[in-house]
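Below is one structure, written out as structure tokens, with a few remarks after it.
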Amino acid sequence: MKIAIIGAGAMGSLFGGRLALAGEEVWLLDVWEEHVRAINDKGLAIAAADRDIVARPKATTRLEDIGTAELVIVFVKSTATAKAAETALSLLGPDTAVLTLQNGYGNAEAIAAAVGAGRVIAGTTAQGATLLGPGRIMHGGSGETHIGELGGGLTARLEKIAACLTRAGIQTVADDNVASLIWGKLIVNVGINALTGITGLKNGELAEHDETRQVLALAVEEAVRVADAAGVKLPYGDPVEKVLAVAVATAQNRSSMLQDLSGGRMTEIEAINGALVREGERYGVATPVNRVLTLLIKALEKLPRENRP
Ligand code: KPL
């Protein structure tokens with residue numbers, strides 16, 4: 001399958017590398033010239049717990065190098081989704097599907113607004129990856145990936161993409177309730193990301209302190225009330241226990257929001273706690289804790305890098 005990946009950060013590179021190793025024709029598209037050059041010159045080095053491997057996806061900064069693809073995967077930060085969706089337009093053939101596995105709420109809808117809802121597949125991934133430098137990533141952990149049609153139902157193309165990812169070592173399940181998947185992951189990020197960004201704690205440390213456990217629980221409980229009001233059935237039983245379990249399972253991680261803050265970048269707060277606040281307003285559900293978390297992260301984004309957590 002010819003696959004174009006928009007955004008060759010840690011996750012985009014991981015997916016691109018694994019798919020290329022499985023024999024797929026993969027193009028990585030990114031603005032970071034050094035990373036693109038390193039991949040084309042020396043291959044993409046993937047460091048994993050058991051062994052290090054080198055994959056050879058093609059990489060480019062120039063959209064026109066790629067042509068049309070059978071599958072486009074969007075892996076940019078949610079702050080850049082609208083631009084990536086415009087980019088995806090140039091990669092579309094008659095049957096191209098566009099898959100988003102990004103963090104946050106509203107990415108699938110933003111992509112659908114550009115390419116049409118019928119092309120969009122959305123999902124979540126529990127793969128872990130860290131960018132080590134140009135052409136080098138670390139594969140941290142291999143949790144499951146779930147994908148579903150934006151319009152619902154189990155289709156042949158969904159099964160085909162799930163099988164393709166699974167063959168590449170990215171265990172993927174085709175699911176028929178994409179809203180449940182996205183809200184399930186959103187609530188995990190609502191509970192962990194802003195709180196780690198504000199405190200500077202690693203994910204696992206949130207579960208170790210009574211105070212952070214309490215704030216996490218309050219933020220998650222608000223999110224569950226919004227999900228209920230939106231008619232979404234979550235993919236797990238006790239949401240607070242689930243979020244704490246993810247924090248413990250990823251104990252050594254600095255969350256993506258903490259990494260963005262300490263790296264001097266903008267965060268995905270607007271697509272996580274900020275989106276939850278907006279959805280709460282839509283359904284008339286109060287979300288004061290998530291509002292405060294959003295405001296605090298936005299305040300931290302304004303600080304110079306050296307004064308951030
Ligand atoms: O998705 C994550 C993130 O950091 O964005 C979690 C699950 C919290 C893992 O760090």
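Counting starts at 1 for both ligands and their atoms, following the listed order. Predicted, not measured: the structure shown is a model, and the values here were computed from it.
- Shown here is Gln252, whose CD atom has no more than 12 heavy atoms of other residues, nucleotides or ligands within 6.0 Å.
- For the side chain to side chain contact (heavy atoms under 4.5 Å, CB included) with Glu149, the lone residue among Asp176, Asp175, Leu158, Asn177 that qualifies is Leu158.
- Heavy-atom neighbours of Asp41 CG from other residues, nucleotides or ligands within 6.0 Å: above the threshold of 12.
- Within ligand 1, counting atoms from 1 as listed, the ones closer than 4.0 Å to a heavy atom of Asn193 are 3 (C), 5 (O), 8 (C).
- The protein non-hydrogen atom at the shortest distance from atom 5 (O) of ligand 1 is Ser256 OG, 2.5 Å.
- With ligand atoms numbered from 1 in the order given, ligand 1 contributes 4 (O), 10 (O) to contacts under 4.0 Å with heavy atoms of Ser255.
- Among all protein heavy atoms, the one lying closest to atom 10 (O) of ligand 1 is Asn203 ND2, 2.9 Å.
- For Lys2, the NZ atom counts as densely surrounded, since its 6.0 Å shell holds more than 12 non-hydrogen atoms of other residues, nucleotides or ligands.
- Heavy atoms of other residues, nucleotides or ligands lying less than 6.0 angstrom from CE of Met266 number 12 at most.
- Not a single N or O atom of Thr250, backbone or side chain, sits closer than 3.5 Å to an N or O atom of ligand 1.
- Here is the list of ligand 1 atoms found below 4.0 Å of a heavy atom in Asn189: 1 (O), 2 (C), 3 (C), 5 (O), 8 (C).
- By the criterion of a heavy-atom distance under 4.0 Å, the side chain of Lys185, and not its backbone, is placed next to ligand 1.
- Open room surrounds CD on Glu33; 12 or fewer heavy atoms of other groups in view lie less than 6.0 Å from it.
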